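As structure tokens, the structure follows; a few thoughts come after it.
Read the numbers this way: they start at 1 and go in the same order the structure lists the ligands and their atoms. Treat the numbers as computed from the prediction; the structure is a model and nothing was measured.
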Amino acid sequence: MTEKLNQILNEAKAEIAKAKSMLKLNEIRAFYTGKKSPLAEMMKNIASLTIEEKKTLGSASNKVKQEIELAISQKRNELENEEINAKLNAEAIDVTLPGYDLKNGSIHPINKVIEELEDIFIGMGYKIAEGPEVEIDVFNFEMLNVPKGHPARDMQDSFYINDNVLMRTQTSPVQVRTLLEANGKPVKIVCPGKVYRRDDDDATHSHQFMQLEGLVVDKNITMSDLKGTLSMLMKKMFGSERKIRFKPSYFPFTEPSVEVDVSCFKCGGKGCPMCKHTGWIEVLGAGMVHPNVLKGVGYDPNVWRGFAFGVGIERVTMLKYGIDDIRNFYTNDSRFLKQFEGER
Ligand code: PHE
């Protein structure tokens, strides 16, 4: 009997040692430890043995079973390690392979100009303000001295959400929001942002574009502050030789209002196709904050005064880089965008 047990053990061990996969090992385990294993078969035939013999055989066969199980579990560890190593080897990264040629992106020219403008104004002590693109009529028009039915509304037709809510047509509502929030204190902000108008898109019009609003309100603000500020802005944007000129204009929320021209940076003012032979290029609208606007937000116009201006960012960017179609900014043609790589 012991001999038979030893034989089973040896056979099992030999097979376990030969196993090359988990699958095979599982088969071996099922065969040697299951109900129909050689051991189990052997135990079926012990009825004729004495109690003593049964005991000895029983414990000997248990030992064999344990040894087989031990051998199986050792082999299982071995196979698992082999599997992990094989996987590690197969997935090893070859660090000597050349990398992918990923193209560098670049900052969009519009964002570049916004950043440049912000830097200039931060340098002059301004804070950056923001406002929502979905605006209420009261802030976009009424508190800017444009009551319902005012003819100036025609120029800024927008996309209406309902009678009182619209996509803002200008960044000027941020003037109202900022002053309400400042609650009687001086204000010095610029606000870049998207605005919307119901225009047909063409080379110079877009139903969505960007503006940068500027607003300064304090006790001794005069029009020469506005002129000095805008003159400085134009020198920084278009070169130190630039001059500006004011032309009378009309905005409902400024009085007086001006259209601002910069001397042509292409021809220096002599006249060329860029400035339509006038020597001047129109760049922005501005003026002194209208007393009605100040009153509306709780600033006494006899004490407080301010100036405001609005820059069309696409327009300035087109002038600066000689871009002839506003739609280039929005069509995401990488050949267009690529030209601004590394620009700054
Ligand atoms: N909001 C005006 C426009 O969009 C521009 C402007 C801003 C004019 C501030 C004067 C003062 O046309």
Side-chain angles (χ1 to χ4, degrees), residues 114 117 121 126 128-133 135-147 150-159 166-179 187-199 204-218 221-231 233-234 244-262 281-294 296-297 299 301 304-317 326:
I114 291 175
L117 287 166
F121 282 105
Y126 285 68
I128 310 292
E130 277 185 342
E133 288 167 33
E135 186 55 282
I136 53 172
D137 187 273
V138 176
F139 288 167
N140 193 81
F141 288 130
E142 282 183 41
M143 289 181 79
L144 287 169
N145 207 25
V146 188
H150 192 288
R153 287 190 179 220
D154 291 350
M155 275 169 20
Q156 299 195 3
D157 195 10
S158 179
F159 303 95
L166 71 161
M167 303 306 289
R168 68 178 177 193
T169 59
Q170 46 186 352
T171 41
S172 301
V174 180
Q175 289 188 29
V176 178
R177 288 178 170 272
T178 307
L179 288 168
V187 155
K188 199 173 175 186
I189 56 113
V190 285
C191 162
K194 289 197 194 88
V195 301
Y196 302 81
R197 289 190 195 174
R198 254 182 68 179
D199 273 332
T204 52
H205 293 86
S206 168
H207 60 281
Q208 179 224 292
F209 59 102
M210 307 281 291
Q211 286 188 333
L212 178 118
E213 190 84 7
L215 173 70
V216 175
V217 172
D218 209 327
I221 300 297
T222 67
M223 210 158 173
S224 59
D225 294 315
L226 172 63
K227 197 159 188 183
T229 303
L230 295 180
S231 169
L233 171 65
M234 288 305 142
I244 60 166
R245 73 174 183 188
F246 282 179
K247 290 182 301 189
S249 184
Y250 172 78
F251 298 104
F253 38 89
T254 47
E255 181 60 38
S257 301
V258 290
E259 209 77 66
V260 184
D261 290 351
V262 64
I281 298 173
E282 197 177 292
V283 277
L284 58 102
M288 302 305 289
V289 181
H290 197 290
N292 287 353
V293 174
L294 290 173
V297 289
Y299 284 69
W304 297 92
R305 218 161 293 171
F307 66 73
F309 54 88
V311 188
I313 293 178
E314 279 83 352
R315 171 142 176 81
V316 170
T317 311
I326 194 170

Worksheet entry | Derivation of the side chain to side chain contact (heavy atoms under 4.5 Å, CB included) call for Asp137 and Arg153 | CA-CA 11 Å; Asp137 187 273; Arg153 287 190 179 220; 2.9 Å; yes

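- For Asn145, the side-chain contact (heavy atoms from CB on, under 4.5 Å) partners are His290, Asn292, Val293, not counting sequence neighbours.
- Ring geometry, Phe309 versus Phe121: the interplanar angle falls under 30°, so the pair is classed parallel (tilted spans 30 to 60°).
- Residues passing the side-chain contact (heavy atoms from CB on, under 4.5 Å) test with Pro256 are Met223, Met288, sequence neighbours excluded.
- Taking the six-membered ring where the residue is Trp, His150 and Tyr250 present parallel rings, their angle staying beneath 30° rather than reaching 60°.
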At less than 3.5 Å, what protein N or O atoms come close to the N or O atoms of ligand 1? Include the distances to 0.1 Å.
{"from": "ligand 1", "atom 1": "1 (N)", "to": "Gln170", "atom 2": "OE1", "distance (Å)": "2.7"}
{"from": "ligand 1", "atom 1": "1 (N)", "to": "Ser172", "atom 2": "OG", "distance (Å)": "2.9"}
{"from": "ligand 1", "atom 1": "4 (O)", "to": "Arg197", "atom 2": "NH2", "distance (Å)": "2.8"}
{"from": "ligand 1", "atom 1": "4 (O)", "to": "Gln211", "atom 2": "NE2", "distance (Å)": "2.8"}

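- Qualifying side chain to side chain donor-acceptor pair (under 3.5 Å) partners for Tyr126, counting only residues two or more places apart in sequence or in other chains: none.
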